[in-house]
Protein chains: 2
Amino acid sequence: MSKPRYRRRKEDRPQEITEAAFDAFADKGYASTRVEEVASRAGVSKGLLYLYFKTKEELFKAVVKNVVVRRVDALIALVDKTDQSSEAFIRGPASRFLKEVPDSPVAVIIRLLISEGPRHPDLLDYYYQNVVSKGLAVVQRIIRRGIERGEFRPSIVDELPHLFLAPVMMSVVWRSLFGKRSLDTDKLIDTQIELLLAHIKA
Amino acid sequence: MSKPRYRRRKEDRPQEITEAAFDAFADKGYASTRVEEVASRAGVSKGLLYLYFKTKEELFKAVVKNVVVRRVDALIALVDKTDQSSEAFIRGPASRFLKEVPDSPVAVIIRLLISEGPRHPDLLDYYYQNVVSKGLAVVQRIIRRGIERGEFRPSIVDELPHLFLAPVMMSVVWRSLFGKRSLDTDKLIDTQIELLLAHIKA
DNA sequence: CTCATTAATGACTCGTTGGTCAGCAATTAT
DNA sequence: ATAATTGCTGACCAACGAGTCATTAATGAG
């Protein structure tokens with residue numbers, strides 16, 4: 001009547017390992033995280049981990065791909081579903097979404113990409129295709145819709161959707177370096193949005 | 001008449017090693033750079049390097065401290081010396097200064113700090129004290145001078161000098177990830193400056 | 001129950017790298 | 001010249017961590 005020392009759970013392992021890896025990478029960064037550490041957090045042996053992921057690098061890629069895709073797609077869905085005015089949408093759901101980023105898993109991924117990206121060009125390509133360009137496109141789309149509806153006037157801003165993301169980026173970096181001290185990231189993002197709206201409103 | 005195999009140059013070594021380390025870290029990041037590699041780039045043996053720097057970590061700190069201090073002080077000096085109007089100064093020297101950052105050594109340091117900073121809290125403190133807070137203060141100073149002179153009106157912007165730095169930050173990160181593709185960083189920074197000026201002009 | 005299958009373990013290897021040190025050779029002093 | 005000093009070298013070591021594999025035991029089939 002001894003308890004089994006482990007359960008066979010082929011289906012769940014990859015996801016669990018991926019999540020453990022995310023946590024570990026978030027704490028220590030990619031290079032400084034030992035595979036053993038990931039395995040231990042996932043409650044499995046190192047050997048098993050290597051059954052599901054051929055190398056540490058592949059694990060890294062799996063983590064990145066795993067976390068981000070949902071989020072962007074969520075925002076896109078949001079945009080398509082809404083019937084608010086563009087301005088209301090930007091001030092409401094879009095603003096909330098952006099303000100969440102610095103505390104979300106996305107922030108961790110961004111940090112990981114900055115650190116390790118240059119050594120993983122194919123990963124950067126993937127990320128650019130599936131996250132960055134989609135993200136920029138969706139911002140642009142909101143603005144253009146506003147223009148078509150006569151809410152906004154054409155301006156340089158709709159060629160530079162990056163302007164909406166800059167304070168978010170800054171917040172992510174700031175938080176990762178200095179924690180919450182001396183920068184109210186919500187205020188930064190809000191102010192930038194107000195600035196941009198003031199500039200593009202018809 | 002054999003050439004000496006090496007020259008004794010106690011004075012110059014630290015600087016040379018520090019510069020070699022900067023280059024190496026810029027290429028490979030901190031964790032992935034071997035001490036041997038740094039020594040080789042500096043044209044010395046690994047043993048010598050350890051004569052001047054007790055550990056790899058200390059070398060890292062020396063690099064960071066070495067590069068950045070000059071720059072910020074340069075900007076501060078610039079501000080104090082000028083007799084231009086605040087607006088002209090922002091559009092001119094300040095703008096040029098900001099646009100240089102993404103291609104400058106500072107960008108490298110920022111990337112290094114994002115990657116390794118969380119494991120070097122004392123370094124982050126140093127950096128915050130000597131670079132970040134000084135940088136923010138100098139931006140704020142320009143704005144306040146403008147207000148005193150009646151060029152600008154008081155606004156939220158002078159509590160958030162970060163707004164001037166956000167597009168710079170974004171450019172640094174973007175460049176380090178995606179190179180020059182699909183983002184004109186000069187334009188991004190210029191546009192943000194115009195936006196801010198339009199908002200604060202009296 | 002018994003056997004075949006395979007998920008899972010954990011001890012092992014081996015390349016890598018931060019850090020050391022005994023000795024050497026470039027200077028400087030005498 | 002010769003000796004004393006010390007900047008510098010390069011071989012070395014110990015730790016560490018990625019990746020392997022022979023073995024074990026949970027599970028499902030007959």
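We use all heavy atoms of the structure for the numbers below, so side chains are in, but hydrogens, waters and symmetry mates are not. The structure presented is a predicted model; accordingly, all values stated were derived computationally and were not measured. Protein chains get the first letters and strands the later ones, always in sequence-line order, with residue 1 at the start of each.
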Exercise. For A:Ser182 and B:Tyr128, does a side-chain donor sit closer than 3.5 Å to a side-chain acceptor?
Worked result: yes
Exercise. Is a side-chain N or O of A:Glu116 found less than 3.5 angstrom from the main chain of A:Tyr30, in a donor-acceptor match?
Worked result: no
For this session: Give me the residues of residues 10-19 of chain A where at least one heavy atom lies under 4.0 Å from an atom of DNA chain C, by number, or none.
Result: A:Lys10, A:Arg13
Seminar exercise, completed: Between CD of A:Glu57 and C1' of D:dG19 the distance, given in whole Å, is 14 Å
For this session: Scan residues 157-172 of chain A for pairs that pass side chain to side chain donor-acceptor pair (under 3.5 Å), counting only residues two or more places apart or in two chains.
Result: A:Arg144-A:Asp158, A:Glu159-B:Lys187
For this session: Answer yes or no: does atom CZ of B:Arg13 have more than 12 heavy-atom neighbours from other residues, nucleotides or ligands under 6.0 Å?
Result: yes
For this session: Heavy atoms only: give me the nearest B:Tyr50-B:Thr55 pair and the separation to one decimal.
Result: CE2-CA, 4.1 Å
Exercise. Does B:Tyr126 have B:Lys65 sitting over its ring (NZ/CZ under 6.0 Å from centre, angle to axis within 45°)?
Worked result: yes
Problem set entry | Opening and closing nucleotides of DNA chain C in contact with chain B, under 4.0 Å to non-hydrogen atoms | C:dT17 to C:dT27
For this session: Grab the two heavy atoms, one from B:Val38 and one from B:Ala20, that are nearest each other, plus how far apart they are.
Result: O-CB, 3.8 Å
Exercise. Quick one, which residues of residues 28-56 of chain A touch DNA chain C with a heavy atom under 4.0 Å?
Worked result: A:Val44, A:Ser45, A:Gly47, A:Leu48, A:Tyr52
For this session: May I ask you to decide if B:His199's main-chain N or O and B:Arg153's side chain share a donor-acceptor pair within less than 3.5 Å?
Result: yes
Exercise. Do other residues, nucleotides or ligands put more than 12 heavy atoms under 6.0 Å from B:Arg181 CZ?
Worked result: yes
Seminar exercise, completed: A:Thr185 meets the side-chain hydrogen bond (donor to acceptor under 3.5 Å, both in side chains) criterion, sequence neighbours left out, with A:Arg175
Exercise. Which heavy atom of A:Val72 sits nearest a heavy atom of A:Gly135, and at what distance?
Worked result: CG1-N, 4.3 Å
Problem set entry | Sub-4.5 Å side-chain heavy-atom contact between A:Val79 and A:Ile76 | no
For this session: Please report how far the helix from C:dC1-D:dG30 to C:dT30-D:dA1 bends, comparing the axis fitted to its first five pairs with the axis fitted to its last five, to the nearest 10 degrees.
Result: 0°
